[in-house]
Amino acid sequence: MKAQSSLSANKFLKVFGKIVSWALFIVLVVAAVFLLYYYIATKIYTAKGPGYEPKFSIYTIISGSMEPNIKVYDTVINERIDNPNDIVVGDVITFISTSLLSPGTTITHRVIALTTDENGNICYQTKGDNNAVADQACAKFHNVLGKVILKIPQLGRVQFFLASKAGWLLCILIPALIIIGRDIMRITKLTAIKKTTQKINDKEKKDPKKIVFEQGRKENLKRKLLNDVNESKYYYEDPKVIEIDRQKKRK
């Protein structure tokens, strides 16, 4: 019973370890895809300048103004909005602030009211869920970067870690060097095995004793096959003919 229980425990640990490994792998892949998309979108936006905004944008929260709904280091995915009427009260938007307190800052806050600016255009009054008062300036539509459609908890920690020197070394450089080193060792072993096999083959081809032995073995096989054929021939002949042949051989 103890042996069976230990085996079942080992199997459970193996299965559990595989599940955890795959889960971590999937999380890292998803994070890498999002970060890669964010990097490419940022480069394209920088190259093309104002007037181009990607359909989806990713931002990492670095303040607690939206807690507890959106916490520090959470990552939000925004969808670009082409129609001002598609943003309603209760939506969380990301926009470029025009407030005197934080001009040019990228902010993610909730829309609490819809107003109009001096030109009659829609303007969004925003407020952080954790803030006591609303934002000083309303967000104009042309400053809105997108509406939040998804939140990924604490993904920003991975981003900041990978951006650091330690993260770059541990997650990118060292694993890459390990993979390259293993491939080099594998290629070296295969090359050594191939050379050793080639030397053995060349030695066997040049060894006269080996050649004589192989020729003798082939001759013996031929003789054995001929004897088997002769015996099978007599087996199918008339027994009287076989007896006459035997008498002739005796004389």
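For clarity, every value in this text was computed on a predicted model and none was experimentally measured. The first residue of the sequence shown is numbered 1, and numbering continues consecutively from there.
- Although no hydrogens or angles enter the test, the distance criterion places no donor-acceptor pair under 3.5 Å between the side chain of Lys140 and the main chain of Thr98.
- Counted within 6.0 Å of CD1 on Ile62, heavy atoms from surrounding residues, nucleotides or ligands total 12 or fewer; the atom is thus considered open.
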Kindly indicate, with the supporting measurements, whether the criterion side chain to side chain contact (heavy atoms under 4.5 Å, CB included) is fulfilled by Asn78 and Tyr59.
-> CA-CA 8 Å; Asn78 291 268; Tyr59 297 93; 3.3 Å; yes
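- A continuous path of ILVMFWY side-chain contacts below 4.5 Å connects Ile149 to Ile152, so both sit in one hydrophobic cluster.
- Hydrophobic clustering, defined by side-chain heavy atoms of Ile, Leu, Val, Met, Phe, Trp and Tyr closer than 4.5 Å, groups Ile184 together with Ile180.
- The salt bridge (Lys or Arg N to Asp or Glu O under 4.0 Å) test applied to Glu67 returns no partner, not counting sequence neighbours.
- Under the side chain to side chain donor-acceptor pair (under 3.5 Å) criterion, Gln154 pairs with Asp74, Arg157, sequence neighbours left out.
- Between Asn143 atom CG and Thr94 atom OG1 the span is 12.5 Å, to the nearest 0.5 Å.
- With sequence neighbours excluded, the residues satisfying side-chain contact (heavy atoms from CB on, under 4.5 Å) with Leu101 are Ser99, Gln136.
- With Ile93 as reference, Val111 is the one residue of Leu145, Val148, Val111 to meet the side chain to side chain contact (heavy atoms under 4.5 Å, CB included) rule.
- Contact annotation: the side chain of Leu150 never approaches that of Val76 to less than 4.5 Å [non-hydrogen atoms, C-beta and beyond].
- Legend: residues meeting side chain to side chain donor-acceptor pair (under 3.5 Å) with Asn119, ordered by chain and number and at least two apart, are absent.
- For Lys127, the salt bridge (Lys or Arg N to Asp or Glu O under 4.0 Å) criterion is met by no residue, not counting sequence neighbours.
- Legend: residues meeting side chain to side chain donor-acceptor pair (under 3.5 Å) with Asp91, ordered by chain and number and at least two apart, are absent.
- For residues 61-85, the pairs satisfying ring pair (Phe, Tyr, Trp, His ring centres under 6.0 Å) are Tyr73-Phe160, with sequence neighbours left out.
- The hydrophobic cluster containing Ile112 does not contain Met66, counting ILVMFWY residues as joined when their side-chain heavy atoms lie under 4.5 angstrom apart, directly or transitively.
- Contacts classified as ring pair (Phe, Tyr, Trp, His ring centres under 6.0 Å) and involving residues 77-121 (residues at least two apart or in different chains) are not found.
- Gln125 contributes a side-chain N or O that, together with a main-chain N or O of Asp135, makes up a donor-acceptor pair within less than 3.5 Å.
- Residues satisfying the salt bridge (Lys or Arg N to Asp or Glu O under 4.0 Å) test with Asp82, not counting sequence neighbours, are Arg80.
- Identified under the disulfide (SG to SG under 2.5 Å) test for residues 59-135, with sequence neighbours left out: Cys123-Cys138.
- Using a distance-only test at 3.5 Å, with no hydrogens or angles considered, a donor-acceptor pair links the side chain of Tyr124 to the main chain of Pro84.
- Although no hydrogens or angles enter the test, the distance criterion places no donor-acceptor pair under 3.5 Å between the side chain of Ser65 and the main chain of Gly128.
- Under the rule for a side chain to side chain donor-acceptor pair (under 3.5 Å), Thr75 has no partner lying at least two apart in sequence or in another chain.
- With a 4.5 Å cut-off on side-chain heavy atoms, Ile107 and Ser102 count as touching.
- Rounded to the nearest 0.5 angstrom, Thr126 OG1 and Ile87 CD1 are separated by 11.0 Å.
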